[in-house]
Amino acid sequence: LPEAMAAYQFFLDVIPKSVLLEKYDRIPDKISVSTKTDLSESYTRKYWKIAETDPTQIVEEIDKLLPRADWGNDKHIHIWKIKTNKVDNDAHLIVNKRTGYIEYLCFRADLREDRLQFLMNMIELAEKFDWIFMDSKDNLANPDIHEIKKLIVKSNAFRFIHNPQKLLDDLKPENLT
């Protein structure tokens, strides 16, 4: 799973749209997480399990966007990473060892990147493969930059870039009550 996230990275889980439509008859704004009744609800794995998606073409497409990380890759775990002084983007795809289908897919886009190129490329892939995105607060968005922007401006990554001192002040114990 992903390493510690940089303050300027915006995290998105990827979910197959067809499964959400099947389960909810529409795309909800948010998925309610209930760890008491269904621990996997807090993750997107159960949606991928239902979708039974072969990873081959998706892996090939992400290979075009980012280089492979120099750690952790094998036939069941695919990790992409680019980290320079100017950009820090990554993606993670896990393949179920038994079924060979995608079990999990997520990525982190660096909000400092010019024109958010990696994020825009992932939005294009989401359109091509019919995905929905879920942020770290369980909010869902279609692969549309205007919907994603609404999630970004509510994120700590955006708050950090916009005003890092205010974000850090807001995280002080006395401000969390």
Side-chain angles (χ1 to χ4, degrees), residues 1-17 29-31 33 35 40-45 47-48 55 58-74 76-95 102-129 131-172 175-176:
L1 290 176
E3 64 190 39
M5 190 162 86
Y8 43 77
Q9 287 182 310
F10 180 63
F11 173 86
L12 287 170
D13 271 317
V14 178
I15 304 171
K17 184 178 183 177
D29 294 330
K30 187 172 190 162
I31 296 176
V33 175
T35 56
S40 66
E41 182 71 29
S42 63
Y43 302 99
T44 58
R45 285 179 167 85
Y47 301 110
W48 284 106
I58 294 167
V59 168
E60 289 172 3
E61 293 288 339
I62 298 174
D63 276 340
K64 295 174 188 174
L65 303 178
L66 290 177
R68 293 291 181 105
D70 57 1
W71 73 92
N73 284 293
D74 64 30
H76 297 109
I77 299 174
H78 304 276
I79 303 170
W80 297 267
K81 179 76 170 172
I82 184 163
K83 186 173 183 179
T84 68
N85 291 335
K86 295 183 180 185
V87 68
D88 184 359
N89 293 310
D90 56 56
H92 305 261
L93 185 146
I94 298 173
V95 177
I102 294 176
E103 184 173 292
Y104 182 70
L105 176 58
C106 71
F107 67 95
R108 297 180 299 193
D110 189 331
L111 295 182
R112 304 171 304 163
E113 186 178 25
D114 288 338
R115 293 181 294 228
L116 299 173
Q117 191 59 52
F118 175 65
L119 176 59
M120 297 303 291
N121 288 334
M122 290 304 288
I123 289 171
E124 286 180 25
L125 285 184
E127 290 171 347
K128 179 177 181 173
F129 292 107
W131 297 335
I132 294 292
F133 296 125
M134 184 174 75
D135 72 5
S136 60
K137 297 173 185 169
D138 306 321
N139 297 301
L140 299 178
N142 285 300
D144 173 274
I145 190 59
H146 301 294
E147 287 191 34
I148 302 297
K149 279 183 187 179
K150 290 176 185 176
L151 300 182
I152 289 172
V153 297
K154 295 177 187 177
S155 73
N156 284 341
F158 180 81
R159 291 176 60 208
F160 179 80
I161 290 171
H162 183 68
N163 189 341
Q165 188 58 52
K166 179 165 178 10
L167 174 66
L168 295 173
D169 289 344
D170 289 348
L171 294 175
K172 289 181 181 174
N175 294 332
L176 295 176

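Worth saying up front: this structure is predicted, and the values here are computed from it rather than measured. Here, residue 1 is the first one in the sequence, and each next residue gets the next number.
- Ion pairing between a basic and an acidic side chain is recognised when a charged N comes within 4.0 Å of a carboxylate O; Glu147 and Lys150 show no such pairing.
- When all heavy atoms of Gly72 and Ile77 are compared, the pair lying nearest together is O-CG2, 3.4 Å.
- For the atom pair Asn85 CG and Lys83 NZ, the distance stands at 9.5 Å (nearest 0.5 Å).
- Within the 3.5 Å criterion, the main-chain N or O of His146 finds a donor-acceptor partner in the side chain of Asp144.
- Taking both residues in full, the closest heavy atoms of Asn142 and Phe133 are given as O-CD1, 4.3 Å, listed atom of the first, atom of the second, then distance.
- The structure places CG of Leu151 at 8.5 Å from CG of Leu140, a figure rounded to the nearest 0.5 Å.
- Taking OG1 of Thr44 as the reference point, atom CG of Leu12 lies at 11.0 Å (rounded to 0.5 Å).
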Check: Checking side chain to side chain contact (heavy atoms under 4.5 Å, CB included) for the pair Ile62/Leu105: CA distance, chi angles, key distance, verdict?
Finding: CA-CA 11 Å; Ile62 298 174; Leu105 176 58; 4.1 Å; yes
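- Of the inter-residue distances, the one linking Met122 atom CE with Leu119 atom CG reads 9.0 Å to the nearest 0.5 angstrom.
- By the 4.5 Å heavy-atom criterion applied to side chains, Ile31 and Ile15 are counted as neighbours.
- Taking CG of Asn121 as the reference point, atom CG of Leu65 lies at 5.0 Å (rounded to 0.5 Å).
- Between Ile102 and Pro55, the closest heavy-atom pair is CG1-CB, 3.6 Å.
- Classification of Lys81 and Asp88 as a salt-bridged pair holds, one side-chain N sitting under 4.0 Å from a carboxylate O.
- The minimum heavy-atom distance between Ile123 and Pro143, with the atom names listed, is CG2-O, 3.3 Å.
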Next item on the list: Would you please test His92 and His78 for side chain to side chain contact (heavy atoms under 4.5 Å, CB included) and show each step?
Entry: CA-CA 6 Å; His92 305 261; His78 304 276; over 6 Å; no
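- Atom CZ of Phe10 sits about 5.5 Å away from atom CG of Asp135, to the nearest 0.5 Å.
- For the ring pair (Phe, Tyr, Trp, His ring centres under 6.0 Å) with Phe107, the lone residue among Trp131, Trp80, Phe118 that qualifies is Phe118.
- Considering every non-hydrogen atom in both Asp13 and Cys106, the closest pair reads OD1-CB, 3.5 Å.
- Arg112 forms a cation-pi arrangement with Tyr8, by the criterion of a distance under 6.0 Å to the ring centre and an angle within 45° of the ring axis.
- Evaluation of the side-chain hydrogen bond (donor to acceptor under 3.5 Å, both in side chains) rule for Glu127 yields no partner, not counting sequence neighbours.
- The number of heavy atoms from other shown groups lying within 6.0 Å of CG (Asp74) is above 12.
- Across every non-hydrogen atom of Asn73 and Ile79, the tightest pair is OD1-N, 2.6 Å.
- For Glu113, the side-chain hydrogen bond (donor to acceptor under 3.5 Å, both in side chains) partners are Asn89, not counting sequence neighbours.
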Note to self: Evaluate Met134 against Asn139 for side chain to side chain contact (heavy atoms under 4.5 Å, CB included), listing each step before the verdict.
What the structure shows: CA-CA 5 Å; Met134 184 174 75; Asn139 297 301; over 6 Å; no
Next item on the list: Starting from the C-alpha separation in whole Å, work towards a yes-or-no answer on side chain to side chain contact (heavy atoms under 4.5 Å, CB included) for Lys17 and Phe129.
Entry: CA-CA 9 Å; Lys17 184 178 183 177; Phe129 292 107; over 6 Å; no
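- In this structure, the side chains of Ile94 and Arg45 come closer than 4.5 Å at one or more pairs of heavy atoms.
- Asp90 and Arg108 are joined by a salt bridge, as a carboxylate oxygen and a charged side-chain nitrogen come within less than 4.0 angstrom of each other.
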